[in-house]
Amino acid sequence: MSDCKHIYISKIGGHEGEDICLKGWLYGKRSSGKLHFLQVRDGTGIIQAVVFKGDVSEEVFATAGKISQESSIEVYGTVKEDKRSHIGYEIAVKDLKLVSEASEYPITHKEHGVAFLLENRHLWLRSPKQLAILKIRHQIIKSVRDYFNNNDFLLVDAPIFTPAACEGTTNLFETEYFDEKAYLTQSGQLYMEAAAMAFGKVYCFGPVFRAEKSKTRRHLTEFWMVEPEMAYYDLKMDMDLAEDFIEYIVQSVVKHNRKDLELLERDISKLENIKKPFPRITYDEAIEILKQKGKEIEWGEDFGGDEETAISENFDRPVMIHRYPTKCKAFYMKQDPENQDLALCVDVIAPEGYGEVIGGGQREDDCDALLEKIKEHNLPQEAFEWYLDLRKYGSVPHAGFGLGIERTVAWLCGLHHVRETIPFPRMMERIRP
RNA sequence: UCCCCGGUAGCUCAAUGGCAGAGCAUUCGGCUGUUAACCGAAGGGUUGUAGGUUCGAAUCCCACCCGGGGAGCCA
């Protein structure tokens with residue numbers, strides 16, 4: 001038996017009638033007198049292995065009857081087609097090897113509370129639903145990289161340690177850096193601007209950190225962001241890129257993860273519909289929509305989660321809101337030459353209330369104007385000398401954006417909360433496991 | 001930081017001032033096609049922590065701890 005070929009469950013269809021070996025874990029078990037039904041998982045799928053008393057030794061039959069949930073096992077048997085199976089095949093077991101017996105496994109197939117599951121996140125990952133989510137996350141990340149790699153962008157990794165500077169330090173995680181303090185990055189953007197002046201079209205992709213005391217379904221303290229930055233791009237080109245990029249990611253998930261989306265009971269038609277062009281509205285038009293809906297909002301205020309959801313309800317695909325008031329955006333945003341009160345920026349709000357997935361815009365490329373902004377925001381000029389250098393040595397119009405991976409995963413998977421979109425979520429109230 | 005809700009068996013919950021309970025999980029027994037299998041039995045408790053009220057507290061009061069939901073915050 002030990003010379004049987006090891007086959008992954010996802011590939012079982014090509015081996016009908018053959019004697020094979022499965023290497024995995026016991027997902028579930030039912031017994032019926034002279035039969036044991038073992039649900040075996042191996043990370044690629046779940047299949048039922050049937051142990052009939054007449055087919056195996058007494059020892060093997062007894063072992064099959066007492067294997068505990070999540071014990072690791074090797075199963076030897078014949079692949080058989082069976083209409084009753086959800087994947088179309090079963091294994092008729094000939095022999096079994098208990099690799100390691102699991103003691104009482106805490107996560108059952110019944111309902112559990114969120115707190116309990118998060119405390120057991122290291123085990124929760126074994127559940128089919130979590131596997132489907134992480135497979136979709138994998139595809140999203142792959143698509144992100146494929147998109148930029150296929151469109152002449154250079155990957156430039158941004159640093160994680162950053163010096164004290166950008167916009168005060170209240171939202172940054174502080175850490176010891178030899179004899180001085182350093183902070184964990186909350187964005188690679190400023191470094192990408194430097195890289196864009198060197199290489200033209202660049203992107204970074206990595207974890208970023210926010211020490212905000214935010215307790216909502218859209219926030220994590222550690223999350224992953226992809227940030228492209230392009231020299232000689234204006235706001236319109238930036239928006240065109242964001243639109244094309246999102247369409248590519250969504251359609252690649254629709255194409256490659258249909259089974260995972262079905263397992264998550266996602267309405268796939270809503271994703272199939274995510275095609276260019278996306279609606280584009282100005283901040284002023286967004287305010288009009290909110291006022292029509294009876295929301296109390298004044299011109300100049302930024303949008304919260306409720307406002308974003310209200311606006312997104314008017315559209316069946318991502319909506320691009322551009323030209324926010326300068327005062328509610330960051331210092332590096334370029335002012336609209338046609339209206340100094342507006343910034344050349346864009347937020348992309350996902351449909352179905354999933355909120356902002358992209359924030360970006362055209363950067364201030366004039367050295368004097370940028371210096372003025374740094375002073376207005378009471379930022380320490382010396383920390384930005386290198387950033388100002390980019391405007392001194394061959395400044396060009398440039399633009400970019402950042403896309404939050406977890407919010408994108410939550411949207412495509414149809415999840416209520418971002419905590420399930422990352423293997424080990426880091427939140428204000430939770431850092432374990 | 002603020003507001004709301006919660007903490008009872010491994011898990012999900014019940015018991016609202018008077019004997020600490022159920023389902024699932026676990027263990028044992030039964031069943032040749034189970035799909036969250038089913039049937040029978042058993043074991044399993046410092047009711048988050050500390051104090052107070054009371055003849056008597058899981059239950060009422062106070063403080064604290066932990067968690068959940070939301071807000072603010074959020075390049």
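Throughout, a chain's letter reflects where its sequence line sits, starting with A, and its residues are numbered from 1.
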Exercise. Which heavy atom in A:L412 sits nearest to a heavy atom in A:R266, and how many Å separate them?
Worked result: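 Heavy-atom minimum between the residues: O-NE, 3.1 Å.
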Span that lies between the [atom1] atom of [M] and that of [N], in whole angstrom:
N: B:C62; M: B:A71; atom1: P; result: 28 Å
N: B:A20; M: B:U46; atom1: C1'; result: 13 Å
N: B:G56; M: B:C19; atom1: C1'; result: 13 Å
N: B:G40; M: B:U59; atom1: C1'; result: 35 Å
N: B:C60; M: B:G6; atom1: P; result: 10 Å
N: B:A42; M: B:A37; atom1: P; result: 23 Å
N: B:A58; M: B:C74; atom1: C1'; result: 41 Å
N: B:U12; M: B:A25; atom1: C1'; result: 11 Å

For this session: Would you mind checking if A:K80 and A:E16 are paired as a salt bridge, meaning a charged N to carboxylate O distance below 4.0 Å?
Result: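 A:K80 and A:E16: not salt-bridged.
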What integer distance in Å separates [X]:[atom1] from [N]:[atom2]?
X: A:F303; N: B:A75; atom1: CZ; atom2: P; value: 16 Å
X: A:H109; N: B:U26; atom1: NE2; atom2: P; value: 10 Å
X: A:N120; N: B:U12; atom1: CG; atom2: P; value: 10 Å
X: A:Q39; N: B:A37; atom1: CD; atom2: P; value: 7 Å
X: A:F209; N: B:C74; atom1: CZ; atom2: C1'; value: 17 Å
X: A:H36; N: B:U35; atom1: NE2; atom2: C1'; value: 17 Å
X: A:R218; N: B:G72; atom1: CZ; atom2: C1'; value: 12 Å
X: A:L26; N: B:A25; atom1: CG; atom2: C1'; value: 14 Å

Taking only the side-chain heavy atoms of [X] (C-beta and beyond), determine which of [options] contains the nearest atom.
X: A:R217; options: B:U26, B:C11, B:G70; answer: B:G70
X: A:E429; options: B:G68, B:U34, B:C74; answer: B:G68
X: A:H417; options: B:G69, B:A36, B:G33; answer: B:G69
X: A:S214; options: B:C73, B:A71, B:G33; answer: B:C73
X: A:A330; options: B:A71, B:A37, B:A75; answer: B:A75
X: A:E90; options: B:U34, B:G69, B:G67; answer: B:U34
X: A:E104; options: B:U26, B:C73, B:U35; answer: B:U26
X: A:R30; options: B:C73, B:U12, B:U34; answer: B:U34
X: A:K213; options: B:U32, B:G68, B:G72; answer: B:G72
X: A:Q186; options: B:G68, B:U1, B:A75; answer: B:A75

Remember a base hit wins even if backbone is also touched, and classify [X] as base, sugar-phosphate or nothing at under 4.0 Å, heavy atoms.
X: A:H112; answer: sugar-phosphate
X: A:M428; answer: base
X: A:K215; answer: base
X: A:Q189; answer: nothing
X: A:S31; answer: base

For this session: Could you check if a side-chain atom of A:L96 sits within less than 4.5 angstrom of a side-chain atom of A:V93, using non-hydrogen atoms only?
Result: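 Heavy-atom side-chain distance check passes, below 4.5 Å.
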For this session: Give a yes or no on whether a donor-acceptor pair under 3.5 Å exists between the nucleobase atoms of B:C74, that is its base, and the side chain of A:H219.
Result: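 Yes, the side chain and the base share a sub-3.5 Å donor-acceptor pair.
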For this session: Can you check whether any acceptor in the base of B:A36 is under 3.5 Å from a donor in the side chain of A:K110, or vice versa?
Result: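 Between B:A36 and A:K110, which were checked side chain against base, a qualifying N/O pair under 3.5 Å is present.
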Exercise. According to the interplanar angle, ranging from 0 to 90°, do the rings of A:Y283 and A:Y324 count as parallel (below 30°), tilted (30 to 60°) or perpendicular (above 60°)?
Worked result: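 Ring orientation, 0 to 90° scale: tilted.
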Exercise. Does a nitrogen or oxygen in the side chain of A:R419 sit under 4.0 Å from OP1 or OP2 of B:G69?
Worked result: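 Checking A:R419 against B:G69: at least one side-chain N or O falls below 4.0 Å of OP1 or OP2.
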Under 3.5 Å, is there a donor on one side chain and an acceptor on the other for [X] and [Y]?
X: A:T108; Y: A:H112; result: yes
X: A:D341; Y: A:T326; result: no
X: A:H398; Y: A:E193; result: yes
X: A:D244; Y: A:Y147; result: yes
X: A:Y76; Y: A:E74; result: yes
X: A:E227; Y: A:Q189; result: no

For this session: With ring pair (Phe, Tyr, Trp, His ring centres under 6.0 Å) as the test, would you mind laying out the steps for A:Y183 and A:F161 before giving the verdict?
Result: CA-CA 6 Å; A:Y183 301 86; A:F161 285 130; over 10 Å; no
For this session: I would like to know whether A:F245 and A:F148 meet ring pair (Phe, Tyr, Trp, His ring centres under 6.0 Å); could you show each step before the answer?
Result: CA-CA 9 Å; A:F245 174 60; A:F148 291 122; 4.8 Å; yes
Problem set entry | Residue whose closest nucleotide on RNA chain B lies nearer the 5' end, A:G113 versus A:S68 |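 The residue whose closest nucleotide sits nearer the 5' end is A:G113.
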Problem set entry | Most 5' of A:F116 and A:K34 on RNA chain B, judged by nearest nucleotide |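 Closest to the 5' end, via its nearest nucleotide, is A:F116.
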Exercise. Where does RNA chain B pair, written as one dot-bracket string 5' to 3', with Watson-Crick or G-U pairs under 3.5 Å, ( ) inside the strand, [ ] for crossing pairs and | for another strand?
Worked result: (((((((..((((....[..)))).(((((.......))))).....((.((..]....)).)))))))))....
For this session: Pull out every residue in residues 42-55 of chain A that has a heavy atom closer than 4.0 Å to any atom of RNA chain B, ordered by number, or say none.
Result: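 The answer is A:Q48, A:F52.
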Problem set entry | Residue among A:H109, A:Q48, A:Q69 satisfying side chain to side chain donor-acceptor pair (under 3.5 Å) with A:Q39 |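 Among A:H109, A:Q48, A:Q69, the one that satisfies the side chain to side chain donor-acceptor pair (under 3.5 Å) with A:Q39 is A:Q48.
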